2 protein chains.
Amino acid sequence: MENETTETRGRILEAAAVVFAEHGYAATTIRMICGRAQVNLAAVNYHFGNKERLYREVLLYARSCAYDRYPPTYGLADGAAPEQRLHAFIRSFLLRTSCDERNLGFGTLVMRELVEPTTALDMLIDEGIRIMFGQLVDIVRPLLGEQVEEELVLACARSIISQCLFYLFSRPVIRRMAPEQKFNHEDVEMITGQIMFFSMHALNGISESRCRRERPHA
Amino acid sequence: MENETTETRGRILEAAAVVFAEHGYAATTIRMICGRAQVNLAAVNYHFGNKERLYREVLLYARSCAYDRYPPTYGLADGAAPEQRLHAFIRSFLLRTSCDERNLGFGTLVMRELVEPTTALDMLIDEGIRIMFGQLVDIVRPLLGEQVEEELVLACARSIISQCLFYLFSRPVIRRMAPEQKFNHEDVEMITGQIMFFSMHALNGISESRCRRERPHA
DNA sequence: GTTTGTATCAAACATCTGTTTGAATGGCAA
DNA sequence: TTGCCATTCAAACAGATGTTTGATACAAAC
């Protein structure tokens, strides 16, 4: 055909991302996807083999879309200070997993995969989550001062990433308890600020208390 | 029959909680539940009407079991200090949502409901989540010092509850990245300690920085 | 004993599911 | 043209799903 990947294949991929994100793997039917993509029912099995393989390709496709738009260094200058690097990490994470249509529901797809793991979760962990968390750990380490145990760095990194995940997982609740929250770019800036505010106070406090322990009554 | 609620009904309720927690609403079949409960296929529709009404009753049943075992004041003496109250809140939250079989998968059920809301989510929010969060806010407020804006209290409460939710949502990932973590009672104590460590440093830092702003150069 | 109402059961129901099939289409090289 | 190949399509497939049905069992009430 015209392209190496046919147009039909692309339409299925985009439609499937939206439908899988909205309903989850089990509740999504191939008929929903084909209806939205306006292609024949058999097209999914022709182009992707079966539903599960389509789902795996959707995960990879949505992830590459979201990461292309919002890489972990989004809006960050070279040689920035650790605090700025943390700010950029949190902000790009929130943007990448936000409901922005052009992310193709990446955040929601991963969220669902975490809650109801399929065989695709290992793929996501090995090729994405592990790297992402490692980057955060490298940002947090210098913020905790010198000679800090790695276990403490990991615990702090978990505390920080958990605050980012909160606004991913609790979106349905927040939407009902605080409908004014819209999760647009403006809200992301504010949420980034709140997470930074809380976390930097924690990191600075931990760092200081450890200095005092090293050199008491100084 | 012998009891006001028949034995069959109870068996279905317990079996359904486990199966719904394990597979989610859509992927759970009535045949799975009845097979596990060793009752006839028609028993679900006889005792509960249909699958959705059974699911709602399961949510309420699992919640009451989990809250009976681990109330928000679990292990807390009267008149305890705010910091101890926060410790008890975090610990009971983690225990209540842990994988302990006698919680009937309450944590997992709520987690799934958050990710894929049904009409039952409103019920959970109005009768549970809102109250739980309000209790946390009341614990956090005195820890931030006097005359602090309510919006800041809410943001800090969100930062704290998000760390607790992390160990609920990310369990599948943690299980694969750090298999030594078992989420038993011992691990809960350790995780509680880590969340307290990070959060108290944050709260103290925020509280102090605001005092300094009130009385500069004091 | 007869009736009544609750509870259980095997079987069937209509519908929806993912997948397959075989024919039709259309572009392209020989 | 002819043959070839990738692609699309309507139709059908077998199996699973939630739900219903009508028969049966059984204890209590009359």
Side-chain angles (χ1 to χ4, degrees), chain A residues 1-61 105 109 112-113 116-121, chain B residues 1-61 109 112-113 116-120:
Chain A
M1 269 298 144
E2 52 261 44
N3 303 357
E4 68 267 40
T5 58
T6 63
E7 189 211 341
T8 301
R9 192 186 146 92
R11 280 226 305 281
I12 292 174
L13 222 39
E14 302 228 356
V18 176
V19 181
F20 275 134
E22 189 171 354
H23 299 95
Y25 180 81
T28 293
T29 70
I30 294 183
R31 283 168 179 81
M32 286 184 200
I33 296 170
C34 293
R36 187 185 177 92
Q38 291 193 302
V39 301
N40 185 270
L41 175 62
V44 163
N45 290 281
Y46 177 77
H47 285 282
F48 298 91
N50 57 33
K51 183 184 175 184
E52 192 186 334
R53 277 208 285 272
L54 166 63
Y55 175 70
R56 289 174 72 95
E57 294 232 31
V58 162
L59 280 180
L60 296 177
Y61 180 59
L109 287 169
R112 289 186 181 282
E113 187 63 29
E116 192 162 324
T118 70
T119 56
L121 180 56
Chain B
M1 266 302 145
E2 53 259 41
N3 304 0
E4 68 267 45
T5 59
T6 63
E7 186 211 344
T8 301
R9 192 187 146 91
R11 279 225 306 280
I12 292 174
L13 223 39
E14 303 227 354
V18 176
V19 180
F20 275 133
E22 189 170 354
H23 298 95
Y25 180 81
T28 294
T29 70
I30 294 183
R31 283 168 178 83
M32 287 183 199
I33 296 169
C34 293
R36 186 185 177 91
Q38 291 193 302
V39 301
N40 185 271
L41 174 63
V44 162
N45 289 282
Y46 178 77
H47 285 284
F48 297 92
N50 58 32
K51 184 184 176 185
E52 193 186 332
R53 277 208 285 272
L54 167 63
Y55 174 70
R56 290 174 70 93
E57 294 233 30
V58 162
L59 280 180
L60 296 177
Y61 180 59
L109 288 169
R112 288 186 182 281
E113 186 64 29
E116 193 163 320
T118 69
T119 55

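Hydrogens, waters and symmetry mates play no part in the numbers below; they use all other heavy atoms, side chains included. Order of the sequence lines sets the chain letters (A, B, ...), proteins ahead of strands, with each chain counted from 1. Because the structure is a prediction, the values reported are computed rather than measured.
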**Student:** Of the nucleotides dT8(D), dG18(C), dT19(C), which has the atom closest to the Asn50(A) side chain?
**Tutor:**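 Looking only at side-chain atoms, Asn50(A) lies closest to dT19(C).
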**Student:** Ignoring the backbone of Leu41(A), work out which of dT20(D), dA12(D), dT8(D) is nearest its side chain.
**Tutor:**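 Closest of the options to the side chain of Leu41(A): dA12(D).
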**Student:** Among dC9(C), dT20(C), dT19(D), find the nucleotide with the atom closest to the side chain of Asn40(B).
**Tutor:**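 For the Asn40(B) side chain, the nearest candidate turns out to be dC9(C).
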**Student:** Return the value, rounded to whole Å, for the distance between atom CZ of Phe48(B) and atom P of dT20(D).
**Tutor:**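 One finds 16 Å between P of dT20(D) and CZ of Phe48(B), rounded.
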**Student:** Are any of Thr29(A)'s side-chain N or O atoms less than 4.0 Å away from OP1 or OP2 of dC16(C)?
**Tutor:**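 Answer no for this pair, as no side-chain N or O of Thr29(A) is under 4.0 Å from OP1 or OP2.
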**Student:** Between dA16(D) atom C1' and Ile30(A) atom CD1, what is the distance in whole Å?
**Tutor:**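 It is 15 Å, rounded to the nearest whole Å.
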**Student:** What nucleotide, of dG18(C), dT20(C), dA6(D), holds the atom closest to the side chain of Tyr46(A)?
**Tutor:**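 Minimum distance to the Tyr46(A) side chain belongs to dA6(D).
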**Student:** Rounding to an integer number of Å, can you tell me how far Met32(B) CE sits from dG18(D) C1'?
**Tutor:**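 The distance from CE of Met32(B) to C1' of dG18(D) comes to 13 Å, rounded to the nearest Å.
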**Student:** Taking atom C1' of dG18(C) as reference, at what distance in whole Å does atom OH of Tyr55(A) sit?
**Tutor:**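 These atoms are roughly 17 Å apart.
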**Student:** For dT8(D) and Thr8(A) - does any side-chain N or O of the residue sit under 4.0 Å from the phosphate oxygens OP1/OP2?
**Tutor:**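 Result: yes.
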**Student:** Does Arg112(A) use its side chain to pair, donor to acceptor, with the backbone of Ala21(A) at less than 3.5 Å?
**Tutor:**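 Yes.
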**Student:** Without hydrogens or angle criteria, can the side chains of Glu113(A) and Tyr25(A) be said to hold a donor-acceptor pair below 3.5 Å?
**Tutor:**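 On atom types as modelled, these side chains do not qualify, holding no pair under 3.5 Å.
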**Student:** For the side chain of Lys51(A), counting heavy atoms from C-beta on, which of dT19(C), dT19(D), dA10(C) is nearest?
**Tutor:**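 My answer, after comparing the listed nucleotides, is dT19(C).
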**Student:** Quickly work out the Asn45(B) CG to dG18(D) P distance and round it to whole Å.
**Tutor:**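 Distance check: Asn45(B) CG to dG18(D) P gives 9 Å.
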**Student:** A side-chain contact here means heavy atoms from C-beta on lying under 4.5 Å apart; do Ile30(B) and Asn45(B) qualify?
**Tutor:**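 Yes - at least one pair of side-chain heavy atoms lies under 4.5 Å apart.
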**Student:** To the nearest angstrom, how far is Gln38(B) atom CD from dA7(C) atom P?
**Tutor:**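 Value for this atom pair: 20 Å.
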**Student:** So which of Val18(B), Val39(B), Val19(B) actually passes side-chain contact (heavy atoms from CB on, under 4.5 Å) with Ile33(B)?
**Tutor:**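 Testing Ile33(B) for a side-chain contact (heavy atoms from CB on, under 4.5 Å) against Val18(B), Val39(B), Val19(B) leaves exactly one candidate, Val19(B).
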**Student:** Going through the distances and angles, do Glu22(B) and Arg36(B) end up as a salt bridge (charged side-chain N to carboxylate O under 4.0 Å, His left out)?
**Tutor:** CA-CA 13 Å; Glu22(B) 189 170 354; Arg36(B) 186 185 177 91; 5.4 Å; no
**Student:** In whole angstrom, give the distance that lies between atom CG of Leu54(B) and atom C1' of dT19(D).
**Tutor:**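 These atoms are roughly 14 Å apart.
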**Student:** At under 4.0 Å, does any side-chain N or O of His47(A) touch on OP1 or OP2 of dA6(D)?
**Tutor:**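 It does not, given that no N or O in the side chain of His47(A) lies less than 4.0 Å from OP1 or OP2 of dA6(D).
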**Student:** Looking at the side chain of Arg31(A), which of dG18(D), dT21(C), dT17(C) is the nearest nucleotide?
**Tutor:**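 Nearest nucleotide to the side chain: dT17(C).
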